[in-house]
Amino acid sequence: MKLWTGRFSKETDARVNDFNSSIRFDSRMYAQDIEGSIAHAKMLCAQGIIEPEDCEAILSGLGEIKAELECGKLTFPSDAEDIHTFIEQTLTARVGDAGKRLHTGRSRNDQVALDLRLYLRDEIPRTVSLITELVRTLCDVAEKNVGTVMPGYTHLQRAQPITFGHHLMAYVFMLLRDCQRLCDCLGRTKISPLGSGALAGTTYPLDRAAVAESLGLEGITENSLDGVSDRDFAMELLGALSIVMVHLSRFSEEIILWSSFEFKFIELDDGFATGSSIMPQKKNPDVAELVRGKSGRVFGDLTALLTAMKGLPLAYNKDMQEDKEAVFDALDTVNLCVSTFTPMIATMTVIPENMRAAAAKGFINATDCADYLVSKGLPFRDAYKITGAAVAMCVRENKTLEGLTLEEYRSFSPVFDEDVYAAVALETCLAGRRLAGGPAPEAVKEQIAKARKELEKYEA
Ligand code: ARG
């Protein structure tokens with residue numbers, strides 16, 4: 001049964017019914033739909049728009065429906081038009097005319113906009129807490145590895161010495177910004193559009209602010225067309241979630257590289273790796289690969305919503321029904337990825353010897369050798385050239401900078417002295433980079449402390 005039968009002389013074609021219906025996915029907002037209706041009904045009563053008895057009947061009917069949906073006594077019929085229609089009709093079937101009064105001064109257009117906002121008000125904090133859990137885990141692993149020397153890379157070529165702790169902390173700060181972005185978006189989501197009606201508000205004396213307040217929202221939309229037409233809070237969320245996935249995908253790519261035989265910087269726990277059906281020796285980083293792969297879904301969700309919205313005239317258009325699947329899929333995907341990624345990180349084994357061995361090769365102390373010459377008074381460009389020539393010789397003769405004799409050093413420049421060995425030792429290179437943000441153990445400890453301090457904000 002449709003809510004809009006009066007004008008029509010024919011039943012909706014079954015194919016259109018299926019095509020139009022959103023109950024399959026919007027049923028997940030049932031609790032928010034009921035919550036919004038309760039707030040609306042109370043306000044209608046307080047404003048003298050409906051009688052207290054009708055309000056009572058609506059509230060108890062909605063409470064009953066919610067309880068029955070939760071215990072499975074009531075289920076969603078697959079041919080219902082959407083969650084709003086289903087709940088209103090179920091209510092009316094139970095409480096009669098009072099149920100028919102619930103929709104006074106309201107349209108499904110402001111109702112659906114409210115429901116999605118309420119759903120995100122509940123869900124965004126869950127995603128944030130999954131990410132902060134990952135951040136906490138990363139800080140713990142980083143703390144154990146502030147002294148674990150590894151090569152830092154640019155262009156995937158060994159570049160300068162860092163530590164594994166320093167590397168992990170880079171992701172910590174990316175993920176903390178993801179949390180900030182999500183919370184920022186949450187602030188713009190917690191705004192009530194109710195009272196916008198279909199598009200032009202309503203003539204009933206609604207108290208919009210009271211509804212917003214009773215729902216724990218922080219304000220009301222200032223323009224009724226905007227209130228029902230806008231989905232930028234959802235686009236913003238998908239943007240923020242896409243960035244989360246970019247971060248997780250890059251991290252995954254590194255996990256995949258590090259766990260390869262070629263790197264062997266880490267070994268994944270057997271519980272977080274998979275085997276091959278044919279190659280008995282294989283241990284595959286499927287979790288990381290799937291996270292990397294699933295990033296595409298979330299970018300797709302963002303693109304789908306941006307594209308669905310970009311040509312729509314104001315106000316509501318049915319195209320906008322597409323918003324929910326994109327939002328739900330992106331949230332589900334991010335939650336799933338983060339909650340599998342965290343224990344993968346917590347259980348992996350770090351192999352410091354291999355990181356150290358990789359750091360010993362690849363001339364990652366060449367910059368420090370040049371800096372040494374600068375400390376002896378040479379201009380940096382000359383120091384750079386001299387060091388380059390020394391490296392070229394090492395490459396030719398399969399040596400390291402640490403392994404050159406003083407005589408060999410002096411063949412490039414007379415300013416080289418015994419103290420060059422201390423200058424190019426990896427520990428010295430690291431310890432020297434103790435400025436804020438650097439890889440020296442004290443600097444990384446400070447980063448960990450800062451990150452943990454920021455985490456406290458999310459604990460309340
Ligand atoms: N199921 C619809 C949606 O998700 C609800 C709003 C319907 N409004 C309308 N005028 N057809 O967008």
Side-chain angles (χ1 to χ4, degrees), residues 1-8 10-37 39-40 62 65 69 76-92 100 102-123 189 191-202 221 223-235 237-238 301 304-332:
M1 186 60 175
K2 294 285 169 290
L3 288 174
W4 30 268
T5 44
R7 188 197 188 288
F8 290 78
K10 215 177 177 186
E11 282 292 304
T12 314
D13 186 283
R15 287 161 295 191
V16 173
N17 207 46
D18 288 348
F19 187 63
N20 217 24
S21 167
S22 53
I23 190 82
R24 197 166 35 82
F25 48 86
D26 65 16
S27 58
R28 75 154 91 181
M29 304 190 304
Y30 77 88
Q32 290 79 15
D33 191 78
I34 290 173
E35 188 186 352
S37 288
H40 181 65
L62 288 173
I65 292 171
L69 284 171
F76 304 108
S78 60
D79 60 346
E81 187 178 340
D82 56 29
I83 187 62
H84 328 293
T85 311
F86 169 68
I87 288 177
E88 189 185 326
Q89 288 182 338
T90 309
L91 177 69
T92 302
K100 295 188 202 158
L102 169 62
H103 212 53
T104 313
R106 188 174 71 169
S107 156
R108 276 185 301 161
N109 295 354
D110 55 356
Q111 188 178 0
V112 71
L114 175 73
D115 289 3
L116 188 57
R117 286 172 179 271
L118 291 178
Y119 183 83
L120 298 181
R121 172 207 62 186
D122 297 339
E123 288 301 311
T189 301
I191 302 293
S192 175
L194 219 59
S196 300
L199 75 161
T202 174
T221 52
N223 175 287
S224 64
L225 285 171
D226 178 39
V228 290
S229 304
D230 152 60
R231 292 291 181 271
D232 60 14
F233 61 96
M235 296 183 237
L237 172 65
L238 293 179
D301 293 326
L305 184 59
L306 292 172
T307 312
M309 295 300 295
K310 75 176 260 299
L312 301 186
L314 305 187
Y316 180 84
N317 300 267
K318 189 76 171 191
D319 316 43
M320 290 158 72
Q321 178 164 288
E322 292 287 311
D323 60 357
K324 284 170 283 299
E325 279 176 292
V327 164
F328 298 157
D329 182 69
L331 275 173
D332 290 350

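Atoms within a ligand are numbered from 1 in the order they appear, just like the ligands themselves. These figures come from a predicted structure and were not determined experimentally.
Proximity of a side-chain donor or acceptor of Asp82 to a complementary backbone N or O of Thr85 within less than 3.5 Å is detected. Of the possible donor and acceptor atoms, one in the side chain of Asp301 sits under 3.5 Å from a partner among the backbone N and O of Ala330.
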Going through the distances and angles, do Arg108 and Tyr316 end up as a side chain to side chain donor-acceptor pair (under 3.5 Å)?
-> CA-CA 10 Å; Arg108 276 185 301 161; Tyr316 180 84; over 6 Å; no

Check step by step if salt bridge (charged side-chain N to carboxylate O under 4.0 Å, His left out) holds for Glu325 and Arg24.
-> CA-CA 10 Å; Glu325 279 176 292; Arg24 197 166 35 82; 3.6 Å; yes

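No N or O atom of His84 sits closer than 3.5 Å to an N or O atom of ligand 1.
Which parts of ligand 1 touch Ser22 is read off a 4.0 Å heavy-atom cut-off, strictly below it: atoms 1 (N). Less than 4.0 angstrom separates some heavy atom of Lys324 from each of these atoms of ligand 1: 3 (C), 4 (O), 12 (O).
For atom 1 (N) of ligand 1, the closest heavy atom belonging to the protein is Gln321 OE1, 2.8 Å. Of all protein heavy atoms, the one lying nearest to atom 10 (N) of ligand 1 is Asn109 OD1, 3.0 Å. In terms of protein heavy-atom proximity, atom 5 (C) of ligand 1 is closest to Asp82 OD2, 3.5 Å. For atom 3 (C) of ligand 1, the closest non-hydrogen atom of the protein is Tyr316 OH, 3.2 Å.
Centroid-to-centroid, the aromatic rings of Phe86 and Tyr30 stay 6.0 Å apart or farther.
Considering only heavy atoms from C-beta on, Asn109 stays 4.5 Å or farther from Leu199 through its side chain.
Contacts between Glu81 and ligand 1, counted as non-hydrogen atom pairs separated by less than 4.0 Å, are absent for every part of the residue.
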